[in-house]
Amino acid sequence: MAENCSHDCSSCGEDCPSREGASLKKQPHAMSDIKRVIAVVSGKGGVGKSMTCALLAAASQAKGNVTAVMDADITGPSIPKMFGVHDRARGDEFGIYPCVSKEGVQMMSMNLLLEKEDDPVVWRGALISGTVLQFWTDVIWQGVDYMFVDMPPGTGDVPLTLFQSIPLDGIIVVTTPQDLVGMIVSKAINMAQMMNVPILGIVENMSYLTCPDCGRKISVFGESVVDSIALEHNIPAVAKVPIDRELTLAADAGKIEDVKNNYLSDFFDKVVAELKDKPLAAGNGAKSAKN
Ligand code: ADP
């Protein structure tokens with residue numbers, strides 16, 4: 001421990017032997033203006049993490065918040081497509097500017113930087129995390145109330161680096177009924193707890209299917225156990241999203257902002273309520289800050 005350590009790592013040198021976890025956090029671009037940062041995580045791919053991230057961003061924007069999505073799922077970037085954004089990001093001597101959706105959601109994704117958006121990204125972990133961190137440090141995010149980070153799935157190197165480097169206000173865990181029973185979700189929850197990031201909510205995606213003839217709810221992937229998991233881990237907000245063809249069609253058509261029934265609208269309100277009065281993790285509150 002360095003002599004006279006105040007535990008305020010922002011006031012000491014990079015080589016201070018007592019620097020703590022917080023010192024690994026990267027500062028956003030000096031011209032950025034970001035209030036809340038919420039990561040959307042899942043134990044494995046294909047459970048609807050990007051869908052959840054997109055619905056949350058659409059709900060936030062529809063409620064009048066300046067909203068952004070940072071697509072950190074570099075090897076499977078799907079956010080711009082869901083929002084119908086196919087432009088290429090623009091930059092100048094100051095930095096890179098996010099692309100903007102029809103309703104005004106700011107976004108940055110590997111797809112917006114590639115020559116052709118369907119080019120594969122075959123990079124190793126360190127390069128991937130370096131690039132995603134640039135989405136945080138080099139992109140000029142303007143007046144953002146809520147930024148959602150679509151994390152890479154799992155608990156590997158890249159999500160770990162991002163957890164350590166980006167100041168997060170909390171995470172939202174996405175899962176399916178099947179995975180909840182197994183260990184995959186517990187791993188994601190444990191990682192967040194180890195990193196000291198609060199878990200704001202859990203979304204059970206593909207929770208059920210409503211029979212189009214009789215309206216009965218069918219539990220395609222087994223009975224829901226999300227409520228008991230939330231209780232066990234003290235997770236405040238819970239949502240159950242059904243398998244709904246309208247969601248797939250809207251995502252494929254780039255019209256996720258137009259879905260009539262945004263299943264995460266109330267869930268978003270609960271997350272906002274949970275964050276109310278909590279200090280800002282990024283310490284860089286948007287000028288348009290609402291709470
Ligand atoms: P992940 O980000 O976890 O890999 P995605 O969000 O890309 O998963 O979802 C995988 C596929 O499932 C996509 O084609 C998406 O449109 C579809 N999908 C996700 N959630 C639902 C849902 N609740 N109802 C219908 N289709 C869904």
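Each ligand, and each atom within it, is numbered from 1 in the order the structure gives. Computation of the quantities below employed the complete heavy-atom set of this structure, encompassing side-chain atoms and omitting hydrogens, waters and symmetry-equivalent molecules.
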Handout entry: Within 6.0 angstrom of Asn261 CG, more than 12 heavy atoms from elsewhere
Key = yes
Exercise for the section: Flag this pair as yes if the NZ/CZ of Lys102 is under 6.0 angstrom from the six-membered ring centre of Phe83 and inside a 45 degree cone about the axis; otherwise no. Expected result: no
Fill in the blank from the handout: Between Val271 and the options Leu264, Ile38, Asp169, the side-chain contact (heavy atoms from CB on, under 4.5 Å) test singles out Ile38
Under a 3.5 Å threshold, I'd like every N/O contact between ligand 1 and protein atoms, with atom names and distance.
from, atom 1, to, atom 2, distance (Å)
ligand 1, 2 (O), Lys49, N, 3.4
ligand 1, 2 (O), Ser50, N, 2.9
ligand 1, 2 (O), Ser50, OG, 2.9
ligand 1, 3 (O), Gly46, N, 3.2
ligand 1, 3 (O), Val47, N, 3.0
ligand 1, 3 (O), Gly48, N, 2.9
ligand 1, 3 (O), Lys49, N, 2.8
ligand 1, 4 (O), Gly46, N, 2.8
ligand 1, 6 (O), Ser50, N, 3.3
ligand 1, 6 (O), Met51, N, 2.8
ligand 1, 8 (O), Gly48, N, 3.1
ligand 1, 20 (N), Asn205, ND2, 2.9
ligand 1, 23 (N), Asn205, OD1, 2.9
ligand 1, 23 (N), Pro242, O, 2.8
ligand 1, 24 (N), Asp244, N, 3.0
ligand 1, 24 (N), Asp244, O, 3.4
ligand 1, 26 (N), Thr248, OG1, 3.0

Problem - Contact summary for Gly170 and Leu200, nearest pair of heavy atoms - result: CA-CD1, 3.7 Å
Problem - Polar side-chain atom of Glu246 near backbone of Val259 as donor-acceptor pair, under 3.5 Å - result: no
Exercise for the section: Applying side-chain contact (heavy atoms from CB on, under 4.5 Å) between Ile235 and each of Ile172, Val173, Ile171, Ile189, report the one that passes. Expected result: Ile189
